[in-house]
Each structure stands twice: as structure tokens, then as C-alpha cells.
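Reviewing the structure listed below.
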Amino acid sequence: MATNPDFIHCMLIPLKDHFLLLPNPTIAEVIPMPKIEPIASAPDYWLGHYQWRENTLPVVDIESLIENKTNAVDTANKLCILNGINSEADIEFYALPCFGAPQLIMLNETAIQQTHDADDSDFLYCQIKIGNKVAFIPHLDNIEANIKEQT
């Protein structure tokens, strides 16, 4: 059975106030929220480090980074581990807190409506509506470059 090339397999990740829309292969694993090792004098969006499969992962609040504000993420119940995609940043994995289980969805162009909200963050391609949900499509290259600068 052939798959329709017009559909893209994505993950819809619940953040505190929005959703994050990522291609399915970006997600390495989702685990129950572990204890995060905080980092002294780090930016507000930089939550700390987590040891995962013999790797020290940076844990960042992407929603805070995109919106340039501090969110309370202490109620996050999952940690979403992402595969790095920016070869120049040389980050194999990093993690972000999420507020529920990511949902696998298949999207096509007709299911997506771009919102007219401000998209002036260097870490955001755009915001879209999927049904009644507002989702960020992040600029992962810039996010990973920023993480690399902080390490």
C-alpha cells in the first residue's frame, strides 16, 4: 500500500501554553520527567542537564526561548528528547519539558492555517493552527546553535 506523499508524519508536543510541531524523526524518546541538574548563572530558558544513555543533555524550555519570557515548567510531566539536526551545532541530543504525551499526527497542507500572531523570534519559523490548537514550528537550526553557544 503506497502512502500519500502529501501527508507528513509529525509529533504535536504539548508545551505549557502552546504546542510544538516537529517532524516525527526528530523525537528520540519521551520519558517521565526526571530530576534535572540545574546550572548556575544560565539563561532562564536553560533548565539544566540530564544524564541519558551516557550523554549529558542540555534541557531547555523552547517555549520560553521562543517567547523570550520565563515559564514555570515545574509541572511538566514528561521530558522529550530530541535528535539534533544542525550538523554545525554538533549537538547529538537535547531535551525539553512537555506537559503530556506527544501525539503522532499526519498533516497535509489543507489541515494547516498560519496564524497572524507575531513571529518575530529567531527561534520560530511560524505559528499555525491545527484545529483549535496553536502550534509553534520552531527554527531548530537556530535553537541548536543557541544551545551550542551556551555550552
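Please read these numbers as outputs of a predicted model, since none were measured by experiment.
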Apply side chain to side chain contact (heavy atoms under 4.5 Å, CB included) to residues Trp46 and Ile39 and explain how you reach the verdict. CA-CA 8 Å; Trp46 190 284; Ile39 302 172; 2.4 Å; yes

Excluding sequence neighbours, so at least two apart, what forms salt bridge (charged side-chain N to carboxylate O under 4.0 Å, His left out) with Glu37? none

Test Val59 against His49 for side chain to side chain contact (heavy atoms under 4.5 Å, CB included), laying out the working first. CA-CA 5 Å; Val59 180; His49 287 117; 5.8 Å; no

Give a yes or no on whether the backbone of Glu88 and the side-chain of Asn86 come within a donor-acceptor separation of less than 3.5 Å. yes

How close do Lys16 and Glu63 get, heavy atom to heavy atom, and via which atoms? N-OE1, 2.9 Å

Taking all non-hydrogen atoms of both residues into account, name the closest pair between Pro43 and Gln150 and its distance. CG-OE1, 3.4 Å

Can you name the closest pair of heavy atoms from Ala76 and Pro97 and give their distance? CB-CB, 3.6 Å

State, with a plain yes or no, whether a side-chain heavy atom of Ile13 is found less than 4.5 Å away from one of Ile27. yes

Between the CG atom in Leu82 and the CD atom in Glu144, the distance rounded to the nearest 0.5 Å is 8.0 Å

List the steps, then state whether side chain to side chain donor-acceptor pair (under 3.5 Å) holds for Tyr45 with Asn68. CA-CA 8 Å; Tyr45 65 85; Asn68 195 25; over 6 Å; no

Near-ring test Tyr125/His139, centroid separation under 6.0 angstrom: yes

Does Gln103 have any side chain to side chain donor-acceptor pair (under 3.5 Å) partners at least two apart in sequence or in another chain, and if so, which? none

In the structure I gave you, are the side-chain heavy atoms of Asn146 and Phe123 within less than 4.5 Å of one another anywhere? yes

If you round to the nearest 0.5 Å, how far is CH2 of Trp52 from CG of Leu57? 6.5 Å

Counting N and O atoms only, with roles assigned by atom type, does the side chain of Asn24 sit under 3.5 Å from a partner on the main chain of Met11, one being a donor and the other an acceptor? no

Nearest-0.5 Å distance, CG of residue Leu20 to CG of residue Leu96: 6.5 Å

List the residues meeting side chain to side chain donor-acceptor pair (under 3.5 Å) with Asn83, not counting sequence neighbours, and say none if there are none. none

One should read off an interatomic distance between Ile130 CD1 and Asn132 CG, to the nearest 0.5 angstrom, of 10.5 Å

Where do Leu140 and Leu22 land on the side chain to side chain contact (heavy atoms under 4.5 Å, CB included) test, with the steps shown first? CA-CA 9 Å; Leu140 294 177; Leu22 295 173; 3.9 Å; yes

Pair Leu79, Tyr50 - check side chain to side chain contact (heavy atoms under 4.5 Å, CB included), show working. CA-CA 10 Å; Leu79 190 68; Tyr50 174 64; 3.8 Å; yes

Give me the atom names and distance for the closest heavy-atom approach of Gly84 to Tyr94. CA-CE2, 4.1 Å

Quick one, Ile81 and Val30 - any side-chain contact, counting heavy atoms below 4.5 Å? no

Ser121 side, atom OG; Ile62 side, atom CD1 - distance, nearest 0.5 Å: 11.0 Å

Identify the heavy atoms of Asn142 and Asp122 that sit nearest to each other, and give their distance. ND2-O, 2.6 Å

Value for CG (Asp44) from CG (Leu65), rounded to nearest 0.5 Å, stands at 11.0 Å

Taking all non-hydrogen atoms of both residues into account, name the closest pair between Lys69 and Ser64 and its distance. O-CB, 2.9 Å

Salt bridge or not for Arg53 and Glu29, using N-O below 4.0 Å? yes

Heavy-atom neighbours of Asn77 CG exceed 12 at 6.0 Å: yes

